[in-house]
Amino acid sequence: MLNSFSSSLSVSMRTSYHLEKTAPCSYLTAVFPFTIVLSWPPLFSSAEPLTCNPSSLRTLSVEGHFSFDEVHHAAKDFGNRFQLLPLAVLYPKSVSDIATTIRHIWQMGPNSELTVAARGHSHSLQGQAQAHQGVVINMESLQGPKMHVYTGNNPYVDASGGELWIDILRECLEYGLAPKSWTDYLHLTVGGTLSNAGVSGQAFRHGPQISNVHQMEVVTGKGEVLNCSEKQNSDLFHSVLGGLGQFGIITRARISLEPAPDMVKWIRVLYSDFTTFAADQERLIGAESTFDYIEGFVIINRTGLLNNWRSSFNPQDPVQASQFHSDGRTLYCLELAKYFNRDRADALNEVSAWSPIFWFSLSKLLRKP
């Protein structure tokens, strides 16, 4: 079954990660864009290739529009390492626009040599959101059914593949709900992170984002628009999730939600010793009663952490902070969060039950190497 999908859609992909810099730390987030290379002939088709000039894109009937002149912005991304100028940029207003375009290019056959790149928020590092002399699809312009939040026993949200996670979170919070799992940088598209994995601090509890999707709408490499879930087109469903774009473009997804907390207690802990850092992280993840968000990352400190990380130290102990020698060192950080509701506001201080782990590690960190 999978061969029938991969025969009609292959992908030129370079897996990369988005290095989002928020002083004084940096963290890694998987990114969206991929380049679709329409292969010919498909495994189950006897059709002959069509000869067609790429300018035929101008004649396509779409609700949105193609831009053939203002395309230079689509030759840039976050990595700023590649500048691959496309032939055209599609600004779709509907899923049909995307399907029509892909179907048209697929029917043109290999002689056209056109590629298609789905461009979300362009947070790729190595040109994955670009298509040299091909077609870039601006997913953020995709219009469709309004975002819908279902508040029943098993809440979920239906959202466009071009929707940003930050906007989904804001909408869901209006109903007292939030996605179970998300990336720590929220200005990424739904289709982008679901095409990778969507790993962050909640993954140890709920799994990555791809483990919290009920169903999707996908445009395949033949230009077909299919709905898929664990019970409907299940091969396509499991292939698209985390499939790095090899099996289609995600245009809509139904995402699992949970009640949002009223308050969050946020803690950051710094380490200079990787073994201690990893052991503490594993201990917290494996504990029965622990934090709701646990994430670790690496910091190369060149900015003077004490200027920005005062909350990492006890403000009543300035001597302790002054002993922290970090300039030029590679450090490790655990970022932790505990959720609370207003009726348990007094429980905020119960987080101190985990403090021996942190202060023991911090005492090691304060020792000069």
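Note that these values count all heavy atoms, side chains included, but never hydrogens, waters or copies made by symmetry. Keep in mind the model is a prediction, meaning the values are calculated, not measured.
Between Ile267 and Phe291, the closest side-chain pair of non-hydrogen atoms falls below 4.5 Å. Between Leu87 and Leu57 there is a side-chain heavy-atom pair separated by less than 4.5 Å. Contact check for Phe204 versus Leu284: no side-chain heavy atoms found under the 4.5 Å cut-off. Using a 4.5 Å cut-off on side-chain heavy atoms (C-beta onward), Leu186 and Leu164 make no contact.
Other residues, nucleotides and ligands contribute more than 12 heavy atoms inside 6.0 Å of the NE2 atom of His73. Atom NE2 of His206 sits in a crowded spot, with more than 12 heavy atoms from other residues, nucleotides or ligands closer than 6.0 Å.
Of the N and O atoms on the side chains of Trp165 and Thr183, not one donor lies less than 3.5 Å from an acceptor on the other residue. Side-chain contact check for Ser200 and Tyr293: at least one donor-acceptor pair (N or O, by modelled atom type) lies under 3.5 Å.
With values rounded to the nearest 0.5 angstrom, Asn341 atom CG is found 4.5 Å from Asp262 atom CG. One finds the CD atom of Gln209 at 13.5 Å from the NZ atom of Lys180 (value rounded to the nearest 0.5 Å).
Looking at Thr251, its side chain does come within 3.5 Å of a backbone N or O of Glu217 through a donor-acceptor pair.
Ring orientation note: the planes of His65 and Tyr91 are close to parallel, at an angle under 30° on the 30°/60° scale.
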- Task: Might you work through the salt bridge (Lys or Arg N to Asp or Glu O under 4.0 Å) test for Arg283 and Asp280, ending with a clear yes or no?
- Result: CA-CA 5 Å; Arg283 178 179 174 184; Asp280 282 0; 5.2 Å; no
